[in-house]
Structures are given as structure tokens and as C-alpha cells.
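We use all heavy atoms of the structure for the numbers below, so side chains are in, but hydrogens, waters and symmetry mates are not. Lettering follows sequence order; numbering is per chain, from 1. Since the structure is predicted, the reported quantities are computational estimates derived from the model, not experimental observations.
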Amino acid sequence: MARTAAPVYDPQAIEPKWRDAWKKAGLFRVSEDAGKPKFYNLVMFPYPSGPLHMGHFRNYVMGDAFARYKVMRGFNVLNPFGWDAFGLPAENAAIQSGIPPRVSIEGNIAISKHELDLMGVLYAWDREVTTCNQDYYRWTQWLFLKFLEWGLAYKQKAAVNWCPKDNTVLANEQIVNGVCWRCGTKPTKKELEQWFFKITAYAQRLLDDLKKLDRWPDRVRVMQANWIGRSEGAELDFAVEGDGSLRVFTTRPDTVFGATFMVIAPEHELVQKIVTPNHRRNVDDYIEKTKGETEIERLSTEHEKTGVFTGAYAINPFTDERIPIWIADYVLATYGTGAIMGVPAHDARDFEFARKYQLPIREVISPSLQPSGGALDAAFETYDGFLVNSGPYSGLSVKDGIAKIIADAERRGIGKRMITFRLRDWLISRQRYWGVPIPVIYCPDHGIVPVPSDQLPVRLPEHVEFRSDGQNPLLHTPSFVNTTCPKCGKPARRETDTMDTFVDSSWYFLRYTSAGYEQGPFDKAKADYWMPVDQYIGGIEHAILHLLYSRFFMKALYDAKMVSVDEPFAALFSQGMIQRNGAVMSKSKGNGVVPDDIVAHYGADTGRVYELFLGPPDQDAEWNDRGVDGVARFLHRVWRLIIGEEDEVIAGAGPASVEDLSRKRHETIDKVTRDVDAFHFNTAMSALMELANAMQDYLQAGGQRNEAWDSVCRDMTRLLGPFAPHLAEELWQRQGGEGLVVFQRWPEVDAVQLRRPQVTVVVQVDGRLRDRIEMPSGIDEADARARAQESANVQRALGRRAVRRAVYVPDRLINLVTE
RNA sequence: GCGGCUGUGGUGAAAUUGGUAAACACGCUAGGUUCAGGGCCUAGUGGGCGCAAGCCCUUGAAGGUUCAAGUCCUUUCAGCCGCACCA
């Protein structure tokens, strides 16, 4: 159709022009004092590892579309971007190729910026943050010193996870499926002096406040709750025969009468004290053996439980029985007290252990008030039961037994109620070069001395020698290591460890609110205006790591009154990944689609709309090259509908109704608005396609390009604004619109035009569809029923049966029930 | 083992939150187009029966609640993800 002299849609010809126009107009250049409601829109900043592909862009396109939408909705939108630029990949590249990290990082940033620009993805570039720049990491160091001052940073010798390939320690959160999150190597254990952040001090609040995050995906909240891992129970003291006592943690103090042995971790400090001379050899051999095991071997559920008797005995404080103390590697030194009471009848692990070593199994919880008697063939672990064989406590329910035994232990001074968390403190030291230097100095006289904050930043030397053995080059850079003590001026040594890059990303969203601020990490007034982030968008892989650390930072800063809200991200959206040929799109797999190709073949807008259309944004989706063609056809059709001049009328296409078209327009506005608010971009794109189809039907039925038509075209153009922004601008200009589309008001739904004069009412007989009848909207039940019963189809279905009652859903459905 | 999510056409998926299952798009079939093309237009496209009007079946499986179930409940199967000897 549209055989006209009108120009064809040529994306490559129009797109660059509009990108310049947005920059010139200062899109996303914002300040705090605008008389509009604020909206902080944020996508997770990337590690600049190289060219971006369309898999990455799903995130950025959604963020850009949402930011543009919020601008059109009248918000003062902060939409910043930056680079998480410290970290191992750049350092490893330097070791291999000799290119200094800063050089490769800056090159990658330039490429990425070019690609973002090409796709029409625009940010508040005047607020750009790069974590490896001194004006940023200076404040990361400053915050470290604050944490030190607040008692939230400390140094301690600990058995830590060591990645032999990356030559550095790892936080617990960075062991994923038992291997290094970055390189997949099995970590080993090392005893090292390391810096920690005391995230455990916030365990309860980090757990409680998950409830406040009602606009976060449930799965992320559940993952964080599991990671924090709160257990309620008690600590109980068991006297050690001869001397001292052994403290255990248990969630089931009600089972204490069934404790027939004790188990302590091989690393437990009491082991050497209690072991008897004739068992020492066995115990030492066992400890030696478990040291050689990797963490994964030891923590595997399939790992058969082993242990040895220490020769020592404890006294069960409730039964006064003498019970043997064992060591076994299924008890972890780092959880609870590193010791347990073995209750084989009511704990599957203890049951397995007792069977193997022929330790007594005594039933103390029964489903009824009587012991079930006989030998148990598995541990009875539920909380649904009663205490038996438990002296004065027999007959109590589990719940009452727990309360009473804790109360008695507290009264006797041999125990107390206790809550334990699985969460461990955050290990932040890294024995690597390309990171923020930890700003402390070791003085022979004064020990650990923080670098005074007016001497920040501690500069990371940028000309260092990379070593093939993977050792931190800072160790071999005398100009960095050798310094003087800030307290006494005597020669001293600088800390050569750098910080985990997750420290950098734990506060970058605050820096955006006042990038370039020189009196502190951020300007409190500006942070107060912008925070919290109203919409955060990023990958699910950060469900625990980055999102937990950032929450911890925000709470620490809140307690120090540096910020006024204690949660950083009010709403979170975790987008799914894009796959192609059955694998996640990536450079290394060679299945990436690069934006340059998409832009050259189809234009940026087609790539953008396709990424929004291809599936539910929170689920993984398969990239389909043919699907892109479908979206390209849609955008070309929109162009022809709005710019074309002659229209082919199809005979028999029915009457053209401008009222129907206008109603479809308002239905579309309504649908797109609700969908975008809910992040249902895929169905929003479908709705726009439906409107285009309706516009085409109208013209083919002989509809005129009159005033009403033009109005629909203008609304269609504005609705396309956030998603296909270049096309929308061009169409807007060609329709004689003033200014830029992105600064137009988002179309409003007209409730009057939305109303249909006629509705299609579904008629059912006994719940089965029998007819569809056009009725005037608002028809009452009696009339609707009368009309339904006139239908020949309905009469045939009814036969001789009488209608006993009808269920009427106004304007939608009537069900005639015969029985 | 514990926790969470997902099962709908040949494919990606939709379904106003209990009210027309399969919108929108890909693919396919047929036709048209002064149609070079992967362009554009029209019609068709879950399965079965029927010349037709129409009828029956269909949302992993089996039950249940309801006038009405993809949606709620119970059981079950499959796949994915998180945690995993956490006492």
C-alpha cells in the first residue's frame, strides 16, 4: 500500500541527529531544586571488560526506556552511570600482555561509551563515576577509616579461603558452589592476618529489614534470608570431667536428655587441653588428616562422617551422666561454639555418627506422650511431639520443653537463650595490586596506624612491575611500601593489601548524588534529596554479594547520621539473561550479537524494541535473529502509517470507525502505562503493535487521515518515545510537533473514550460457552438474560431443561445454570 | 535434605488476577503484488468429528472446590536456581 513519494524509514540516516539533539537539550542533566518529584533510576554499573554485546544491553535498554518514561511522566530523573573499574581481570590482562590496567580500562570504557551512545542509551554523564580514579577511591579509603573508627573494620588472623589461581583470599560470599566465583578454582584454607568488615553486627537488621523491601523480588529476599541464616536456640555448658567446661550451641535444648556424646571441631582450642595421653596419637593423626581435606570435600553431605574419641568425658548437666567427647570434622569450628551435644535420636547427622561408632541412641521426643520404644531406624527430627525419658520434663510439648529447659539452665547459670547466624564477617583484604590500597601503616612502635584522613588518598602506584608468580607487585615496590609512621615519624611499612572491589560498589550510588564533591564522599543534602534509589535494575548474580554489602554500608552510614535512609534500593528489578544457540550470550562463547551490527542492519530502535519484546524481562530469553526482523517490520509499518500519504482500501474490510480507533488508542495508553510501571515491557510492545494493526485496519477500511487520525498518530509517537526514541523524535518532527518527544507529557487515558457503547457478552449454559452476543454496555442482568435466551444456539443447548438461575458478570459473561 | 521458581501451540509467549485459553510476534501453507530480494498485502494455522451449522477434547499428570479453574486446594512428575554436615 502507501505507494507514495513519502520518504522511507531510514534509521541510519536519522538516528545520529537525534542523539545529538538529546545531548544538546541536556536530557538527564538534573539538579536537586526542580519543582518536580524526584526519581532515582539506576542500572548496576559494569566492569569495563571490553566491548558490550546485546546481552548486556537488555539491562541498559530497560533502564534507559524507564528513565525516559519517568521524564515524560513529569519526574526529575537522576539517571547516572559509571564503571566498576578495579579488579582482577585488568590486572591479569596486564600480567599477560603488559598493558597497564589503567590503559586497558580506559580503552574499554571508551568502547563501551561509544556503544551505549550508538544504541541511544543516555546518562547523566556529568556525574560519571570511575572507581579506580583517585577522586573516588580517596573516599573509599576515607570510609574504610570511618569503619575502623566505628569498630566495624578489624584485622584478625583467621583460616581463610585462598584461591591458588588468583593468588588472593576470598570472602565467603565469593565461594560459589564450592569454587572461586571468578575463576572456578577450588579454594584452599590458609591462616592469614586479614582485614574484615563486621557485617555480622548488622545481621539481625539486615534480616528484619528485608520485610521493608516489598518491591524487591521474593527470590532475592529469600536468598538473602537464607544467607544470613538465623537460628534460635540455646548455649549450654557441659562440665568437662576433671577440669573446665565445654559450651555447645543447640536449636533443640529440649533434647538434652538424649545427649549421649559430645562432638567438637578438630580446630577447637579445647582439643589439646582435654585429650588424654593414650588417645593423643589418634587425635593428632585425625587432625592432620582433616587439614589435608579441601573445604568442599569436608562440607559435602556425601562425605562419610568420621571422628575419634579424645579419651575425655563431659557431664550432662541435666542427667549427670558421663558422656564421651569426640572430635569430628562434621562439626564446624566457625559456627556456633564449634561444639555440639550429640543427640542421635533426634538429629540425622548425630544418628549416622552414633551408628557408625556404636554410641547409645536414646529416644527423648515421641509423637505421643509415651516413648515409641524399640530401635529407631532414623532420627525423629520434627518439632511436633512430646518429651519422654526426660525426668521432670517428660510430657511437655517440644515448644514448652525448649522454654522450660532454657529457663532452668539460665536459673542454674549453665546456659542461656542464644541466636546464631550463618553470616560471617566480610573479608575485604585482597593480596592483589589493582584495587584500593587499604590506608593503614605498620609502625614497629605503634602497631597498626591509620593514615590520617588529610593525607588521603594513599595513591596506588601506576608504574609497577607485574610478576609472573602472581605475587602482589606492591610488595616489591619500595617507594610504596616504605613510609614513615604518622605518629612518631620513624620508618614504617605500608599495608600492601587492597580492598575487595565489592567495597567500591557498596557506595557508588551515593557518589552519583554529588559526583566531584570534594569535602567528603558525598554531599549529605544531595544524598538526602535523591536517596533511596527508586528503581534499581541489574542481574540476579548480585542477589547476595553486592546487594547485601550495599545494604550493610547504608545501615552503617545511617547509624553515623551520614545518610537519612537505611535501605539503599527501594525497588529492585532482576532481569534475566539473554541466550543464543542455547548458551548465555558472551564474548568468549562467540555467540554474542554486537550493537554495531544491529545498528548497521536495522537501526538502534529495532534492537531496543526487540530486546524489550522478546520475553518477560525477569526471565532468561533466547535471542532469535528472525524475531528481530519482526520488530523491524513493525517499526517500518509505523513509519508508513504516519508518514505515508496514499492508502489502499481493501474491499469488504468493514466500515471504518474513528471512534473504534480512538478507543483502541486509549486502551493502548492504559495498557502500556500499567505494563511499563510493572516492568512488563514485552506486553507493552505487543500493545503498541496492536495499535499499529488497528490503525492499518482503519485505513484499509477507507478511514480518512483527518484530525482524529492525526491525534492518534501523535499519541502513538509519544508512546514510542521511551522505546524507539529516535524514530519517535523523527515522526514527531515530521508531524510538526514542538520540541522533543522525550520532553512531551506522556499521553493520558480518557476514561470517557475508553467506554464501549457495545460489549461482547459471553453466554454459557452450565459453564460451557454457547454464544457471544453484542449487547449495550451497562445492560442489567434481566435484559442480558432475556437476550441470551433468545439465541438459537442457547436454546438448542438448553433443550427442554429449565434455567434455574443465572450468574451474571456485568458486560462480560452470563452463565445460565440448569441444575 | 531445606528453600524458591517454572511447566500453556512447531517456536518466543499472552490471559484484565477465578469469567471467551493461545493476544502479540516468529515459523509454516496458499493466494496476490510493474514482486530482484529475507519487501508489502490478504487468508489460514492447537487436536479430533462433521458437507455445514456446530459438537467434543486441550494449559506436565491425577484428584478436589466452584455456576465457572491455566489461575485456588491436595497429591504427584519433570526441569531450573539458591543454600547445603549451620547443630
Taking any heavy-atom pair under 4.0 Å as a contact, classify A:Asp350: base, sugar-phosphate, or nothing. nothing
Please work out if A:Leu813 contacts a base, only the sugar-phosphate, or nothing of the nucleic acid, heavy-atom cut-off 4.0 Å. base
Regarding A:Gly336, tell me which of base, sugar-phosphate or nothing describes its non-hydrogen contacts under 4.0 Å with the strands shown. nothing
Give a yes/no on whether any side-chain N or O of A:Arg805 is located under 4.0 angstrom from OP1 or OP2 of B:C67. yes
May I have the step-by-step check of salt bridge (charged side-chain N to carboxylate O under 4.0 Å, His left out) for A:Arg756 and A:Asp811, ending in yes or no? CA-CA 10 Å; A:Arg756 291 170 174 270; A:Asp811 287 357; over 6 Å; no
What is the minimum heavy-atom distance between A:Asn226 and A:Arg422, and which atoms define it? O-NE, 3.5 Å
Distance in angstrom units between A:Leu769 CG and B:U58 C1', rounded: 15 Å
Applying a 4.0 Å non-hydrogen cut-off, can you work out what A:Asn815 is touching in the nucleic acid: base, sugar-phosphate, or nothing? base
Grab the two heavy atoms, one from A:Ala265 and one from A:Leu332, that are nearest each other, plus how far apart they are. CB-C, 3.9 Å
Whole angstroms only, please: what is the CD1-C1' distance between A:Ile228 and B:A84? 17 Å
Taking atom P of B:U16 as reference, at what distance in whole Å does atom CZ of A:Arg756 sit? 16 Å
Which sits closer to the 5' end of RNA chain B, A:Met223 or A:Tyr602, going by the nucleotide each is nearest to? A:Tyr602
Looking only at atom P, what distance separates B:G9 and B:G48, rounded to whole Å? 15 Å
Considering every strand and a 4.0 Å limit on heavy-atom distances, what is the contact class for A:Val222: base, sugar-phosphate, or nothing? sugar-phosphate
Rounded to the Å, how far apart are A:Ile402 CD1 and B:A87 P? 13 Å
Atom-to-atom span, CG of A:Asp629 to P of B:G38 - whole angstrom: 11 Å
Nearest-Å distance for atom pair CZ/C1', residues A:Arg640 and B:U33: 14 Å
Sorted by position of nearest nucleotide on RNA chain B, 5' first, the leading residue of A:Asn793 and A:Ile540 is A:Asn793
Over 60° means perpendicular and under 30° means parallel, so tell me whether A:Tyr549 and A:Trp426 are parallel, tilted or perpendicular. parallel
Assigned partner base of B:C83, Watson-Crick or wobble definition, under 3.5 Å: B:G1
Distance-only donor-acceptor test, A:Arg770 side-chain atoms vs B:U20 base atoms, 3.5 Å: no
Can a side chain N or O of A:Ser231 be found less than 4.0 Å away from OP1 or OP2 on B:A87? yes
Is B:G9 syn or is it anti, if syn means the base angle is within 90 degrees of 0? syn
Would you say a side-chain N or O of A:Gln619 is under 4.0 Å from OP1 or OP2 of B:G12? no
Are A:Asn682 and B:A14 close enough that a side-chain N or O sits under 4.0 Å from OP1 or OP2? yes
Anti or syn, where syn is a glycosidic angle within 90° of 0; which label fits B:U17? syn
Which part of the nucleic acid, if any, lies within reach of A:Glu622 when heavy atoms closer than 4.0 Å are counted: base, sugar-phosphate only, or nothing? nothing
Quick one: is A:Arg804 getting a side-chain N or O under 4.0 Å of the B:C67 phosphate, OP1 or OP2? no
From CH2 of A:Trp623 over to C1' of B:A13, roughly how many Å is that when rounded to an integer? 17 Å
Base-pairing assignment for B:G18 (Watson-Crick or G-U wobble, both under 3.5 Å): none
Decide yes or no for A:Tyr610 and A:Ile598: does some side-chain heavy atom of the first lie under 4.5 Å from some side-chain heavy atom of the second? no
Checking only heavy atoms, does the side chain of A:Asn226 share a donor-acceptor pair with the base of B:C83 at less than 3.5 Å? no
Across every strand shown, the nucleotide meeting Watson-Crick or G-U wobble geometry with B:C26 (both distances under 3.5 Å) is B:G10
Between B:C83 (P) and A:Phe421 (CZ): distance, integer Å: 19 Å
Could you tell me whether the side chains of A:Thr334 and A:Arg424 share a donor-acceptor contact shorter than 3.5 Å? yes
So, does A:Arg633 get its side chain near the phosphate of B:C26, meaning an N or O under 4.0 Å from OP1 or OP2? yes
Report yes if a side-chain nitrogen or oxygen of A:Gln696 is closer than 4.0 Å to either non-bridging phosphate oxygen (OP1 or OP2) of B:C41; otherwise report no. yes
Counterpart base for B:A69, defined by Watson-Crick or G-U wobble contacts under 3.5 Å: none
Once the angle between the rings of A:Phe353 and A:Tyr357 is folded into 0 to 90°, is it parallel (under 30°), tilted (30 to 60°) or perpendicular (over 60°)? tilted
Any base atoms under 4.0 Å from A:Arg626, or only sugar-phosphate, or nothing? Heavy atoms, all strands. sugar-phosphate
